[in-house]
Amino acid sequence: VVTYTKMIDLHSKAGLFEQAFDLYREMLRVGVKPDLVTLCAVMDCLGKAGDVVGASRLFDYLKARGYRPDAVAYTTIIDIHSKAGFYQKAVQLYDEMRAVGLHSNTVNYNSMIDCYARSGNLPAAVGLFREMKALGCTPDLQTYAILMTHHAKLGLLESCLQLFEEVQRAGLQPNSIIMMAMVDCFGKKGKFTAALDLFLQIQEKGCPLDVVCYTRIIDICGKCGYYDKAIGFYHEMQQAGVEPN
RNA sequence: UGGAUAAAU
């Protein structure tokens, strides 16, 4: 069962959904009984393949068959609904998780914080962030990345800066996602010089910049009217060995 | 030995 589960997961992560499902059918055919971990991997695969209904049905099925979903199983199905835009259903599943006595862990909080923020309820997202800290659940870099990204999208510079300070106070190493959220936020506020300065700092520090980072600085340059700089970064990107997509 | 969470256009 461990081998089949790992194989299903590997194919799913490689985007080979049909082959992942084939492996699941094969294990059933040869009489290997899937456990909760297997079903979780299959749910995740269904979700990534865009079949939210299928994932949801599998979750209901597994409960009906007597499997007891753990926090990972709930996070899997919650996140599938959240990413597909079914926020209410995600929150409903989150409530159910807590109702059955399961505790949120950092990953579960991260997923729910993102869910609330995506749904447009940033106060609820921040509320969960406070709750996790109050309950002794340590936010990680991803927690901050999620919060900073959403604050940046709304141009909430003060909050973004506060979160950035908190990252450093927590002794976490800001990565390019964290840094780019700050760049975005400056750009959103029309503080082009600050955005550009920070981006140059990231470059100087040798922080790995990928096509997403370059596309964002190009976009910011363009939106601020600095067309020459936009083209400049486009060339710089290629000189750095990053291919445009 | 296996499962869940973060950024652009």
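As a basis for the values below, the full set of heavy atoms in this structure was taken, side chains included, without hydrogen atoms, waters or symmetry mates. Lettering of chains follows the sequences in order, A, B, ..., and the numbering in each one begins at 1. All of these numbers come straight from a predicted model, not from anything done at the bench.
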Worked check of salt bridge (Lys or Arg N to Asp or Glu O under 4.0 Å) between A:Lys188 and A:Asp184: CA-CA 6 Å; A:Lys188 203 63 155 185; A:Asp184 265 349; over 6 Å; no
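- Taking every side-chain heavy atom of A:Asp219 into account, B:rA8 is the closest of B:rA8, B:rA7, B:rG3.
- Between A:Arg118 and B:rU5, a side-chain N or O to OP1/OP2 separation shorter than 4.0 Å is absent.
- Between A:Lys83 and B:rA4 there is no side-chain polar atom (N or O) within less than 4.0 angstrom of OP1 or OP2.
- Side-chain to base pairing of A:Asn105 with B:rA4: one donor and one acceptor N or O lie within less than 3.5 Å of each other.
- Residue side chain A:Thr38 reaches the base of B:rG2 through a donor-acceptor N/O pair under 3.5 Å, judged by distance alone.
- Residue A:Cys213 has its side chain nearest to B:rA7 when only B:rG3, B:rA7, B:rU9 are considered.
- Neither OP1 nor OP2 of B:rA4 sits under 4.0 Å from any side-chain N or O of A:Lys48.
- Note on A:Val1: a base of the nucleic acid sits closer than 4.0 angstrom, heavy atoms only.
- No donor-acceptor contact under 3.5 angstrom links the side chains of A:Tyr61 and A:Arg57, judged on distance only.
- Counting distance only, with no hydrogens placed and no angle test, the side-chain atoms of A:Asp140 and the base atoms of B:rA6 include no donor-acceptor pair under 3.5 Å.
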Salt bridge (Lys or Arg N to Asp or Glu O under 4.0 Å) between A:Lys83 and A:Asp114, worked out: CA-CA 9 Å; A:Lys83 294 291 195 294; A:Asp114 184 58; 3.6 Å; yes
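- Across all strands, A:Lys223 comes closer than 4.0 Å to no nucleic acid atom at all (heavy-atom distances).
- Taking the side chain of A:Val2 as heavy atoms from C-beta on, and the options B:rG2, B:rA8, B:rG3, the nearest nucleotide is B:rG2.
- Interface remark: the A:Asp210 side chain does not form any donor-acceptor pair with the B:rA8 base, using a distance-only criterion of under 3.5 Å.
- Between the A:Ser82 side chain and the A:Tyr87 main chain, no donor and acceptor come within less than 3.5 Å of each other.
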